[in-house]
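These notes concern the structure reproduced below.
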Amino acid sequence: MSDSRKPFPFRDFEPQWQSRWENEKTFRTPGPGDADFDAKKPKYYVLDMFPYPSGAGLHVGHPEGYTATDIIGRYKRMNGFNVLHPMGYDSFGLPAEQYAIKTGQHPAITTAANIENFRRQLKSLGFAYDWDREIATTDPEYVRWTQWIFLQLYGSYFDETEGKAKPVAELEAKGWTRDQIDEVRLAFVANTPVWWSPDLGTVLANEEVEEWKSKGHTVERRPLRQWMLRITKYSQRLIDELDSLDWPDGIKMLQKNWIGRSEGAEVNFDVQGHTVTVFTTRPDTLFGATYMVIAPEHPFVSEITTAEQQAAVTAYQKACSSKSDMDRGDLNKDKSGVFTGAFATNPVNGAQIPVWIADYVMMGYGTGAIMAVPAHDERDHEFALRFSLPIQQVVQPFDDSDWQGYTAHGTAVNSGFLDGLPTAEAKAKMIDWLEGKGLGQRRIQYKLRDWLFSRQRYWGEPFPIVWKDGHHHAIPESELPLLAPPLEDYKPSGTPEPILSKATDWIQLPDGSIRETNTMPQWAGSCWYYLRYCDPKNTDRFISHEAEDYWTSSPHSSTPHSALETPHSGMVDLYVGGTEHAVLHLLYARFWHKVLFDLGHVRTPEPFQKLVNQGLILGEDGQKMSKSRGNVVNPDDVVSEYGADALRLYEMFMGPLEQVKPWQMKGVEGVSRFLARVWRLAIEEQDGESKISAKIQDVPCSDSTLLRTVHETIKKVGEDIEKLNFNTAISQMMICTNAFTQAEVVPLKEFTQLLKVLNPFAPHLTEEINARLGSSTMLSETEWPAYDPAALIRNEVELVVQVNGKLRDRFMISKDADEEAAKAAAFASPKVNEHLEGKTIRKIVFIPGKIFNIVAN
RNA sequence: GCCGCCGUGGCGGAAUGGUAGACGCCACAGACUUAAAAUCUGUUGAUCUCACGGUCGUGCCGGUUCGAGUCCGGCCGGCGGCACCA
């Protein structure tokens, strides 16, 4: 920046205010137990998704959400709330470890350096965090409670009748054996096909597979013994309890689709003495089931395949298992399958139907077997055509659509006792019939799978588990945290053997037991960090009852009907972050929270009451920012050239928070000019000396128009912050500033009111000006100004006259003008009369103070 | 294919069913300056007109309404998610 541009001296005062806030702990949040804690003060918990401290530092997407929450937090604070606005680091994870492999530096060292850099960057933006509550998921004290929560999961089961988690101790008391108990724990060991990535050296959760594949890593399906969390038990609650949350519909929809609830029935088919159960959402079409398909991996395949078909079946199974390594989508455009030689009996009509295997039926969903109704299912229809299998119509469309491949609802036909019934009734009747005969039952099916919770890498929380005599056992809570031993070599071996298995001394315990060597995924730490912020130093519990109680209490509403305050079933009042966590972190955290809720450790059923997704910031070229495109904007550069306030303000001025929008450096200049105008209103530079502008005078505001603009600004900025409409709030402050610029005199009181409403957006600049104007109290320690309704009143308003809805004239009129007065004025207008010529007036629509519309033809 | 979000000037974007384009950027002009930068003041949707003023205009087609960017129905285009889920 050239010196001749004379910007405001942000380089001098921004760091000064930052250190003052830090030294004076201005934004420290007192909590239960603190001497200065006031339990009567309403709380407001506003949370950011904490960052993964990568080596690259903050990108401009971080300050977008962080500034939004900072404005809300500062605003709530000025409105008398005890605001919890914390920050921390999601510091476990694969990239740190990958980096360690490359450089030979221990992940603890690189992670500490990265956190240091992130903290510096965050502080340079002037966020009002309570730094005393900062946490990192890698802190031993944090690991301890992550492991403790895991032990709660390990020590619980899901009681089906009560629909909630309970301690397994209750089962012990009832005389269950340990093997029986191990079968139902919420954290359990299973040997199932999982996604294994040889080059990452770890398994991945279903939810993570796409992300890593897109980064060029390979994954393959492989049966391995792994720790799982029984999230599926919460499927229905995870769907139902979304209703109580103030989340974007899109995110709710993503979670619902991911959980994937389907209602239907299980039907038992007899296949030559074996019972094969299928799941269907269309039991009403059972009469149209002309063949059956089971997944190639289905255990029954080997039992039912006839000798003649054995070779073909085995060959097909082999082909399918190798296929799973590759992208199935491309390979499965054409249906494939093989006849097993076996026949099933259709329970409803006794028909003998052939049993096929095909890879369009998957082992992982439902029962791994389907009844095929080719007349009314697209996939079955395609398959039947391909292999010339019979197609039997059982649904008559309501309209004149072709019944072939018709999948929507209709009327049952060729279906015995269902004939004539509409689909919904036919479904119910068929299920009743099946249940009556013991041939099937009503069934709800979910797509959600249990959560694969173990990883084979080093940089994660070790499981607090030991193995003895082939059984797993929890280690005593007194031994937490269980930290991973230092290792020289983190390199994955290419086998699913966890890295910790190299730490032979650590693994082996004196009593002969062996430590579990898997580690937890990065999600573990982020599942409960919002709880720890409430009581970050507690050494007795993950959160004290008192802290939990206070920070979950409903906020006392000082501003009714605010978008920021809704009835609470979640703890955090406002959570801001990206959509990328829709089915990952946001689902996992809800699940953990519900388990903690069931076990009585927290008192709300949900973690996050209101969720807002900030929109992605694109590069100046309208493309996603990426190193390879060279369109990445570094916040450090923006801060050094324009200052923190300009960066904050620009990110809020770009457009609606939730919208995707491109970066424009010219826009940063624009808001920087605005801030400079505010500065120059108060400060004059003369001969290198700066002094208070002569226009600033401590006198009553005599200009009623200016006064009205100021009060309109106070009103609008407050209302816009409540609605998270930061861009329009800033527009209004620009209008107000322009009004001051054009005024002869800038009254101190009104100017200070502008500084106050601007303070949450541009805290450094406003504090600096306020201090220079002689105030010894920081703006952030003052109350949010109230607007004076009397100052808003306009005596004259503009009345628009329309003829047939088209604007024809406008003029100023008294705000209280009635229809008669408006009519007189309107018909006096030559412009209006011109358009009325030769027409008959049919109707008059009068909206006082706004519109006078003459309908004529 | 299914689900969700979004289409407004040269650009980012404003508009409780009531003056479309606030505010900012860009551009142009004027003031200040020896000059430039910065700053301040204007103009700035398209089009016709010397002008007054008119006409058109919120992706497209239709509907409701005195009045539609906004509500309803049907398309088209872009972005994101899921994807043989029975």
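Lettering follows sequence order; numbering is per chain, from 1.
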- C1'-based separation of U70(B) from U64(B) [nearest Å]: 14 Å
Pairwise P distance, C23(B) and A31(B) [rounded to whole Å] = 25 Å
In whole angstroms, the gap separating C1' of A83(B) from OH of Y365(A) amounts to 13 Å
Practice problem: Give T579(A) one of three labels, base, sugar-phosphate or nothing, depending on what nucleic acid heavy atoms sit under 4.0 Å from its own. | Solution: nothing
Scan Q445(A) against the nucleic acid and name what it touches under 4.0 Å (heavy atoms): base, sugar-phosphate only, or nothing. nothing
In whole angstroms, the gap separating C1' of U19(B) from CD1 of I813(A) amounts to 15 Å
Closest to the side chain of H835(A), out of G54(B), G12(B), C66(B), is G54(B)
Expressed as a whole number of Å, how far does the C1' atom of G74(B) sit from that of A83(B)?
27 Å
Need one value for Q802(A): base, sugar-phosphate or nothing, where a base atom within 4.0 Å counts as base even if backbone is also close, heavy atoms only. base
Determine the interplanar angle of the W356(A) and F387(A) rings, folded into 0 to 90°, and report it as parallel if under 30°, tilted if 30 to 60°, perpendicular if over 60°. tilted
- Message: So D249(A), base contact, sugar-phosphate only, or nothing? Heavy-atom distance under 4.0 Å.
- Response: nothing
I844(A) atom CD1 is separated from C66(B) atom P, nearest whole Å, by 14 Å
Do Y291(A) and F383(A) have their ring centres less than 6.0 Å from each other? yes
inquiry  = Between G80(B) and C26(B), how far apart are the two C1' atoms, rounded to whole Å?
reply    = 31 Å
- Query: Base, sugar-phosphate, or nothing for R677(A), non-hydrogen atoms under 4.0 angstrom?
  - Reply: sugar-phosphate
>> Taking only the P atom of each, what is the distance from G9(B) to G54(B) in whole angstrom?
In response: 24 Å
inquiry  = Between C40(B) and U47(B), how far apart are the two P atoms, rounded to whole Å?
reply    = 31 Å
With rounding to whole Å, what would you report as the distance between C76(B) and C60(B) at their C1' atoms? 7 Å
With the side chain defined as heavy atoms from C-beta on, P662(A) is closest, among G53(B), U41(B), G12(B), to G12(B)
Take atom C1' in U43(B) and the same atom in A37(B), then report the distance between them in whole Å. 22 Å
Practice task
Select base, sugar-phosphate, or nothing to describe what D380(A) touches, counting heavy atoms under 4.0 Å on all strands.
Solution key: nothing
Syn within 90° of 0, anti beyond: G42(B) is anti
*When you check the phosphate oxygens OP1 and OP2 of C23(B), does a side-chain N or O of Q732(A) lie under 4.0 Å from one of them?*
no
- [ ] Describe the nucleic acid contact of K447(A) in one word from base, sugar-phosphate, nothing, applying a heavy-atom distance below 4.0 Å.
- [x] base
E651(A) CD to G24(B) C1', in whole Å, measures 16 Å
Check: Any side-chain heavy atom of V394(A) sitting closer than 4.5 Å to one from H376(A)?
Finding: yes
Separation of C32(B) atom P from R680(A) atom CZ, nearest Å, is 19 Å
message = For the residue pair N268(A) / T277(A), report whether a side-chain donor-acceptor contact shorter than 3.5 Å exists.
response = yes
Between CE of M654(A) and P of C25(B) the distance, given in whole Å, is 15 Å
Practice problem: With heavy atoms under 4.0 Å as the rule, sort R808(A) into base, sugar-phosphate or nothing. | Solution: sugar-phosphate
Checklist entry - Side-chain donor-acceptor pair under 3.5 Å between S262(A) and Q445(A), yes or no? => result no
Picking from C23(B), A86(B), C3(B), the nucleotide nearest the side-chain atoms of N257(A) would be C3(B)
- Classify the nucleic acid contact of G250(A) as base, sugar-phosphate or nothing, counting any heavy atom under 4.0 Å across all strands shown. sugar-phosphate
Rounded to whole Å, CD1 of I735(A) lies from C1' of A14(B) at a distance of 10 Å
When you compare the side chains of S336(A) and Y360(A), does any donor N or O come within less than 3.5 Å of an acceptor on the partner?
no
message: Counting only side-chain nitrogens and oxygens, does K850(A) get under 4.0 Å of the OP1 or OP2 atom of G18(B)?
response: no
Inset, instruction - Looking at every strand, decide which applies to V660(A) at a 4.0 Å heavy-atom threshold: base, sugar-phosphate, or nothing. - result: sugar-phosphate
Self-check item: Sugar-phosphate, base or nothing in reach of P656(A), heavy atoms under 4.0 Å
Solution: sugar-phosphate
Taken to the nearest whole Å, CG/N804(A) to C1'/G18(B) is 15 Å
Exercise. Without swapping roles, check the side chain of N613(A) against the backbone of G577(A) for a donor-acceptor pair under 3.5 Å.
Key: yes
